[in-house]
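As the structure is a prediction and not an experimental result, all values here were calculated from the model.
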Protein chains: 2
Amino acid sequence: MASPRPTSDHPDELVTAPTRRPGGRSAAVRRRVLDAALAQLVQHGYDSLSIEVVAERSGVHRTTVYRRWRDVGGLLADVLNEAGADAWRPPDTGSLEGDLVAVNREVYTALTTDPVTVALIAASFRSERAARALSAFWAGRYDRCADITRRAVDRGEVPAGTDARRLLIATTAPLYHELVLLRAATDADLPDRVARSATTAARAGAFADP
Amino acid sequence: MASPRPTSDHPDELVTAPTRRPGGRSAAVRRRVLDAALAQLVQHGYDSLSIEVVAERSGVHRTTVYRRWRDVGGLLADVLNEAGADAWRPPDTGSLEGDLVAVNREVYTALTTDPVTVALIAASFRSERAARALSAFWAGRYDRCADITRRAVDRGEVPAGTDARRLLIATTAPLYHELVLLRAATDADLPDRVARSATTAARAGAFADP
DNA sequence: ATGCTATCGCTACAGCCGTAGCCTTAGCGA
DNA sequence: TCGCTAAGGCTACGGCTGTAGCGATAGCAT
C-alpha cells in the first residue's frame, strides 16, 4: 500500500507546507502574506507583528495564515528561507583585514539600521522553526565566508591550519554581543576595531589547530 | 506645596515600585512572587512563565502581580536585580589563561545547564525593563572582571594599555554567539579553546590601544 | 488602642490568540 | 468542458491577557 502523504497542516521540518496545487492561488497567497509581514516588520517593528495584522494587511484570511504558518515565528522563518537563498558572496578586498572589516561593517549596519535582523533574532527565541531557519541562514553565510580565510592562508597572511569558522566568529561575535545582547551604545568605530583585533589574533596563530 | 510622590503604579525606571509600607505584607508578597517565578522558570522553562501561573503558584492574586510587575519581563527584571547584587568575584588562578578559562567555563555551564540564563535573554527581547536589567547585570560582571586584565598587565603577560572590556568580550562573546544565537551543537571543549585564543590574541597586543 | 490609607483581593469585562467545523472557490486532470 | 478535491474563507468558540473599579485588610503613626 502506497502510504499517502501525511496530511498534517503543520509539518515540522518544512517551513511552508508544499502545496499540491502550486498554481496561482496558493503562490499568490504566500507572496502577499510574506510581503505584508516584511512590510509590517520594517514599518512598525517586531512587536507590531501579529498574525492578525499580517492577515489584515495582506487581505488573506486570518485562519488561512494560521493554517499555513501557525505563528509569527513560522512567518519569519519563511521570510528567512527566501533571504538565505540569495547570491551573497563575502567581500574580497585583497587583504584579510580589509575583508574582515568589510564583513563587520555589513553586520553592523544590519544590526543598527535594519530592524529586520534584530526582529528575526527576537523571533528565534519564541519559535523553534524561526530558530532553525535563522541557524540555517547563518550557517550558509559562515560557510561562504570560509573563502576569506582560504585566501588569507594562500597569501601567507595567517598560518596554514587557521580555522575559518573560529576566525569568523571571533570577528563578528563581539558585534552581536555588544549590540544585541549587551545593548551597548552604538559606536561607529566598533566594527573596524573588532575586525582589526581579529586580524592581529589570526596572524598570531590564535585560531590555528590546537 | 510639597509635591507628593507620583502614585503611578508602574514606574518606568524602578523595577519594583518601592512600597510605602515595607512592613511584612508587601515584602512577603514580593518574596513569594519572585520565588514562584524562579521556580516555575527552572522547572518548566520560559514559555510556561505567565503571570497567571506565577500568581497561582505564589498564592498572590493575579491582579496584584499585574499591578506591581506589569508583565513577565518585569518579573524577571526584578529577579535579575537581586541576582546582580551578589558578591561574585572573578576567578584568580594566577595566570591570564587560567582566569579566562575559568570565566568561560562559568559562562558555558550557565548557558548549557541553567535554563534561567537563556530565559532571561529571551525575556530581554520582549521587555524593555528586562533588557535594561540584563544590561546592568552584565555591566556589573564585566566591571568586576577588569581585575583579570589588571593582574595580567601587572604580571607582564599582556601589553600595558590592554583594554579589559575588549579582552573580556573577545573571550565570552563567541560562547554566547555559538550557544545562544547560532545554537551550535554543544562542545565541551569550546570554552577552553576560545579562552586560549583570546589569551594568545591579548599577548599579541590585539586589544591594546589603537 | 485606634483611625488613616497603602496595598491587596475580588469581580467583571474587553480584546487578542489560536482552533474546529463547515462552506465556497478555483486548480487540476480527464 | 466538467467533475474532483486541495486550499482558502467564514463563523463560532474557548482560553489567556491585561485593566477598571470597588471593597477588605493590615501597616503605620498618633
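For the pair Y66(B) and dG18(D), the criterion of a side-chain N or O lying under 4.0 Å from OP1 or OP2 is met.
Ion pairing between E82(A) and R30(A) holds under the 4.0 Å rule for side-chain N and carboxylate O. By the 4.0 Å N-to-carboxylate-O rule, D78(B) lies too far from R68(B) to be salt-bridged with it.
The CG-P distance, from D71(B) to dG18(D), rounds to 7 Å in whole Å. Atom CZ in R70(A) sits roughly 11 Å away from atom C1' in dG18(C) (whole-Å rounding). Protein atom CH2 of W69(A) is 12 Å distant from nucleotide atom P of dA7(D), rounded to whole Å. Taking atom CD of E52(B) as the reference point, atom P of dT17(D) lies 6 Å away to the nearest angstrom. Distance E56(A) CD to dC16(C) P: 11 Å, rounded to the nearest Å.
Residues that satisfy the salt bridge (Lys or Arg N to Asp or Glu O under 4.0 Å) test with D147(A), not counting sequence neighbours, are R89(A), R150(A). For R57(B), there are no salt bridge (Lys or Arg N to Asp or Glu O under 4.0 Å) partners two or more places apart in sequence or in a different chain. A search for side-chain hydrogen bond (donor to acceptor under 3.5 Å, both in side chains) contacts involving E106(A) returns W88(A), not counting sequence neighbours. Take Y176(B) and apply the ring pair (Phe, Tyr, Trp, His ring centres under 6.0 Å) test, not counting sequence neighbours, and it matches H177(A), W138(B). Judged as a ring pair (Phe, Tyr, Trp, His ring centres under 6.0 Å), and not counting sequence neighbours, the contacts of F125(B) are F125(A). Scanning for salt bridge (Lys or Arg N to Asp or Glu O under 4.0 Å) contacts around E97(A) gives an empty result, with sequence neighbours left out. Judged as a side-chain contact (heavy atoms from CB on, under 4.5 Å), and not counting sequence neighbours, the contacts of T149(A) are V153(A), T162(A), A164(A), L167(A), L168(A).
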Under 3.5 Å, which protein N or O atoms sit close to an N or O of nucleotides 9-14 of chain C? Give each pair with its distance.
residue, atom, partner, partner atom, Å
dG9(C), OP2, H61(B), N, 3.1
dG9(C), OP2, T64(B), OG1, 2.6
dG9(C), N7, R67(B), NH2, 2.9
dG9(C), O6, R67(B), NH1, 3.4
dG9(C), O6, R67(B), NH2, 3.3
dC10(C), N4, T63(B), OG1, 2.9

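The list of side chain to side chain donor-acceptor pair (under 3.5 Å) pairs with a residue in residues 110-121 of chain A, not counting sequence neighbours, is empty. Pairs passing the salt bridge (charged side-chain N to carboxylate O under 4.0 Å, His left out) check and including a residue from residues 172-182 of chain A, sequence neighbours excluded, read E178(A)-R165(B).
Checking dG8(D), dT17(D), dC17(C) against every side-chain atom of R68(A), the shortest atom distance belongs to dG8(D).
From one end of the helix from dA1(C)-dT30(D) to dA30(C)-dT1(D) to the other, with five pairs defining each end axis, the axis direction shifts by 30° (rounded to 10°).
A heavy-atom distance below 4.0 Å to DNA chain C is reached by none of the residues of residues 118-126 of chain B.
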